[in-house]
Amino acid sequence: MRSFRILTPYETELADAMFEAMFPSDGHSPDVREAGVTEYLDLTLEGYGRKELPKYQWLFGALDRFAEDKHGRNFAALSLDERADVLALLEQGELTDQLPVKEQRELFGLVVAHTQEGLFADPAHGGNKDAIGWKFLKHPGVWLENSAEENLSSEHVTKGGVIKTLSDAMQEIPRDVEGHKLKQLGYENAVNPQMTDEVDVLLVGVGAMGGLSAQVFAEAGLSVVGLEAGPFRPLDEFLPDELEHAYYTRGGLGPKFQQETPRWRENADDDTREATFSLGRMVNGVGGSAGHYGSWLRRFHPWQFAPKSHYDGLYGPNALPEDCTLADWPVSYEDLEPFYTKLEHLIGIAGDESNPFIKRSKPLPLPATRPFILGNKFTAATRAAGLHPHPVPVGFTTESYGGHPATGYSAWNNGLGSFRGDRWHPGLGPVPAAIATGNFELRTHSRVTRIITDEAGAARGVEWVDPLGRVRRQYARAVILSAYTYENLRLMYLSADSRHQDGLGNNTGQLGMHYMTKMFGHVDALFPGTEFNRHTGPAAQGVVLDDFLSPDFRSLDHGFIGGATLGAEQQALPLQIARETLPPDVPRWGAKYRDHLKLWSQQGVIRIQPDALPYASHRIDVDPRHRDSSGLGMPLVRVTYRLRENERRLASWMADKATGLLKDMGATKTWQGPYFTGVGSSHDLGGARFGHDPAGTVLNEHLAVHDTPNLFMYSGAAFPSCPGINPTLTIWAVVMRAAEHLAGELGGTRKVQS
């Protein structure tokens, strides 16, 4: 007996009819009623998607009115083809003149998303009953281990027909006893702080940067308080739940970020809209977004620390695009090399030394991830083309390391949390180590609202809201903004005082300037008869090229400035499969879409991570009209950014190069994905550029704010450029260098040992 909590019997019948037209059964594919797609919708409209209920109520009425007017029958009584024709009008924005075209199209996109989720999300969410959607895909579900033989199998890996779900996985994930103690400790410290007097160092955010630097300061003998808006998450709270936890779906690990989604406009004269994302949403919590990253931890090339000089030397000083503000860094590769090395061994990075463009003073400590079929094909084709493929360095335990187990090569990885501790983030090592010194007090669920300055304009502490809603103050000799780019900059603006009327760090008008965000393009391809088994490993299992980022790559010969990483990687989860870019001849719903999904395991992809140049008109400030929904009513960040012609030409050239490589690998059909889908990319850099000249930068080389003594920013906001290489390891290297320098200035005595 079907039971519904929100939908009426009339709405239930209509939803069934609508979803059946969206994904018709051919006898070998799921029947949407058996799959429980409408049950999924009902539960969603009660909970996560409750704000969307009025949209569906309007839609049901509109579908019936049109059906009655056109056919003399209600929508549910129409034939399958007739229903499809009605829905096609909605997709085009032509169903009715009572709703703008754009809103009709957006509503149809919502229906598409809910169809996919009802068919392919974990059964825990009410749809995909008996894992019927996963059976259709021949996806074995939530297996936490895969063998080397399965990675390289020429037959489709089905795990003997056994399909596991989230409920099965939860029985296999061990309870993180120590993690739960730290979770409780962080909350208790916030409710009843012990270090209430002035401390040496105050960290605003104990995420990827604050978590790492906490250990540096605490082990130097300094007193440290860390204020983190999110929780400490034990490993067993990072669940392999694609719908709820993955950053490309609901992004459930970032509730604070969801409440303060930045506003976005392409030009300064445009109205803003809620930002969309080219990669995914941020995590809130100890360890930050490193809690869900793919753990690609790569070094920048030496020349990339002087990119302006490099291009000026190659092409002259006028070669950069109009409005481009590219600049050299105040630090060199040689300055950072010891910190790169220290981090690689602190983390336990897996990889090898086969990348000819990077030279290390000490080899990586762990062997590279295992080979896989797509990676092998990519390697063979690129080597034949005279290129230099290599396993991507990753913060993954390919062997047990530092007390963490060897990875099981689970596909439930990138975009989801590390539930076994086999993918390093600062909450797994540095934060517990800092707490163990007795010098670090972690306070979770603690929201900073303002930086306190004195009459001279120096930072003295912060105001923060504790878990019980009480406004408190914490003073410190050094205040470090170590949250994500957006929040760091927002606090600078919102802490304006009489000495800094336009925001801290903004006395020369540089705050928020030179913002950069990554676009992530890709080219997909069909290899009939080849089984890639990308569901048998994580995205960390990748092979990449640095050739098109090397100092020898002459990009301007191809009509643009910049380069990109090209790479092949593992990982294919059900919703990822359902939402991959489609060939031009395949619609996003209906029988052709259904039949296309059957071919997912024979599809390969080359992903493209390009450079993003800074421009004078790309910036971050605070929106004068929109506020967050946190209950504090703080202004939202406003991003002004548009994709420039230089970056379009770069992306197009790289996509054509990837297309050629895929054909060399044996693909019979290729299609390109979008170059850019939004500004939130997890690689959002710039806005507080560091450099030697205070007139043109916000921070100095040690990340101190030029015009605000005692204030520091440990963040990718400092970057003067945005190379097409994952930035996390370089941010950590810059931060560790700055933290060790500050620890010495504050009288600290010891440094973190690798």
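These values consider heavy atoms only, across backbone and side chains, with no hydrogens, waters or symmetry-generated copies.
Centroid-to-centroid, the aromatic rings of H535 and W600 come within less than 6.0 Å. For F419 and W412, the gap between ring centers reaches or exceeds 6.0 Å. Two rings, from H618 and Y615, have their centers less than 6.0 Å apart.
Other residues, nucleotides and ligands contribute at most 12 non-hydrogen atoms within 6.0 Å of the CZ atom of R625. Residue R73 qualifies as enclosed at atom CZ: its count of foreign heavy atoms under 6.0 Å is above 12.
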With a 3.5 Å cut-off and sequence neighbours excluded, list the donor-acceptor pairs that the side chains of residues 633-640 form with protein atoms.
| residue | atom | partner | partner atom | Å |
| --- | --- | --- | --- | --- |
| R638 | NE | D621 | OD1 | 2.9 |
| R638 | NH2 | D621 | OD2 | 2.8 |
| T640 | OG1 | R265 | NE | 2.8 |
| T640 | OG1 | R265 | NH2 | 3.4 |

Could you go through residues 650-661 and list every donor-acceptor pair under 3.5 Å that involves a side-chain atom there, pairing it with any protein atom two or more places apart or in another chain?
| residue | atom | partner | partner atom | Å |
| --- | --- | --- | --- | --- |
| W653 | NE1 | H558 | ND1 | 3.3 |
| D656 | OD1 | Q672 | NE2 | 3.1 |
| T659 | OG1 | A655 | O | 2.8 |

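Taking the side chain as every heavy atom from C-beta outward, Q609 and L566 never approach each other to under 4.5 Å. Side-chain contact between Q571 and N413 is present, with at least one heavy-atom pair separated by less than 4.5 Å. Between P9 and F4 there is no side-chain heavy-atom pair separated by less than 4.5 Å. A heavy-atom distance below 4.5 Å is found between the side chains of L662 and I606. Within the 4.5 Å cutoff, side-chain heavy atoms of T165 are placed close to those of W134. Using a 4.5 Å heavy-atom threshold, the side chains of L90 and V86 count as separate. In this structure the side chain of I577 never reaches within 4.5 angstrom of the side chain of S601, judged on heavy atoms. Looking only at side-chain heavy atoms (C-beta outward), P583 and H596 come within less than 4.5 Å of each other.
Side-chain contact, T517 with D684: a donor N or O sits under 3.5 Å from an acceptor N or O. Using a 3.5 Å distance cut-off with no hydrogens or angles, the side chains of S630 and D628 do pair a donor with an acceptor. Using modelled atom types and a 3.5 Å distance limit, the side chains of D623 and H626 yield a donor-acceptor pair. A donor and an acceptor atom, one from each side chain of E260 and Y486, are nowhere located under 3.5 Å apart. Counting only N and O atoms by type, the side chains of T536 and N151 include a donor and acceptor under 3.5 Å apart. Checking Q259 against S629 by side-chain atom types alone, no donor-acceptor pair falls below 3.5 Å. No side-chain donor-acceptor contact under 3.5 Å links N414 and Y293. Under 3.5 Å, the side chains of R105 and Q92 contain no donor-acceptor pair of N or O atoms.
For the residue pair F23 and L597, the shortest heavy atom distance occurs at CE1-CD1, 4.1 Å. Nearest heavy atom pair, residue G567 against residue F378, reads CA-CZ, 4.0 Å. For the residue pair F532 and Q603, the shortest heavy atom distance occurs at CD1-O, 3.5 Å. Considering every non-hydrogen atom in both V605 and H522, the closest pair reads CG2-CB, 3.9 Å. Considering every non-hydrogen atom in both D241 and E244, the closest pair reads OD2-CB, 3.1 Å. Between G529 and Q602, the shortest heavy-atom distance links the atoms N-OE1, 2.7 Å.
Atoms OG1 and CZ, on T44 and R250 in that order, are 5.0 Å from each other to the nearest 0.5 Å. The CZ atom of R648 sits 11.5 Å away from the CG atom of N646 when rounded to the nearest 0.5 Å. Taken to the nearest 0.5 Å, the CG atom of L243 stands 11.5 Å off from the CD atom of Q116. To the nearest 0.5 Å, atom CG of residue N74 and atom CG of residue L14 are 7.5 Å apart. The distance from the CD1 atom of I620 to the CZ atom of R263 is 15.0 Å, given to the nearest 0.5 Å. K159 NZ to K164 NZ: the interatomic distance, rounded to the nearest 0.5 Å, is 8.0 Å.
For W671 (side chain) and T581 (main-chain N/O), a donor-acceptor pair under 3.5 Å exists by modelled atom type. A donor-acceptor pair under 3.5 Å is absent between the side-chain atoms of E172 and the main chain of L144, judged by distance alone. With S25 contributing its side chain and S29 its backbone, the two residues share a donor-acceptor pair below 3.5 Å. No donor-acceptor pair closer than 3.5 Å links the side chain of R65 to the backbone N or O of T96. Under a 3.5 Å cut-off, the side chain of E94 and the backbone N or O of L89 do not form any donor-acceptor pair.
Counting only residues at least two apart or in different chains, ring pair (Phe, Tyr, Trp, His ring centres under 6.0 Å) contacts with residues 63-104 are absent. The ring pair (Phe, Tyr, Trp, His ring centres under 6.0 Å) analysis of residues 38-60, with sequence neighbours excluded, yields the pairs Y56-F60, Y56-H114.
Between K55 and E103, no side-chain nitrogen of the basic residue sits less than 4.0 Å from a carboxylate oxygen of the acidic one, so the salt-bridge criterion is not met. Under 4.0 Å is where a charged nitrogen must lie from a carboxylate oxygen, and between E117 and R579 at least one such pair does. Salt bridge absent: E82 and K70 never bring a charged side-chain N and a carboxylate O closer than 4.0 Å. Salt-bridge check for R534 with E569: failed, with every basic side-chain N at 4.0 Å or more from each acidic carboxylate O.
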Between H139 and F120, is the ring pair (Phe, Tyr, Trp, His ring centres under 6.0 Å) condition met? List the steps. CA-CA 10 Å; H139 194 294; F120 302 119; 9.9 Å; no
Working for salt bridge (charged side-chain N to carboxylate O under 4.0 Å, His left out), residues R50 and E46: CA-CA 5 Å; R50 55 190 174 275; E46 181 187 34; over 6 Å; no
Quick one, R607 with E580, criterion salt bridge (charged side-chain N to carboxylate O under 4.0 Å, His left out). Give me CA distance, side-chain angles, the key distance, then yes/no. CA-CA 12 Å; R607 302 206 184 275; E580 281 284 12; 3.1 Å; yes
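Under the side chain to side chain contact (heavy atoms under 4.5 Å, CB included) criterion, I132 pairs with P30, E34, A35, N128, sequence neighbours left out. When the side chain to side chain contact (heavy atoms under 4.5 Å, CB included) test is applied to K598, the partners found at least two apart in sequence or on another chain are D26, F136, D595.
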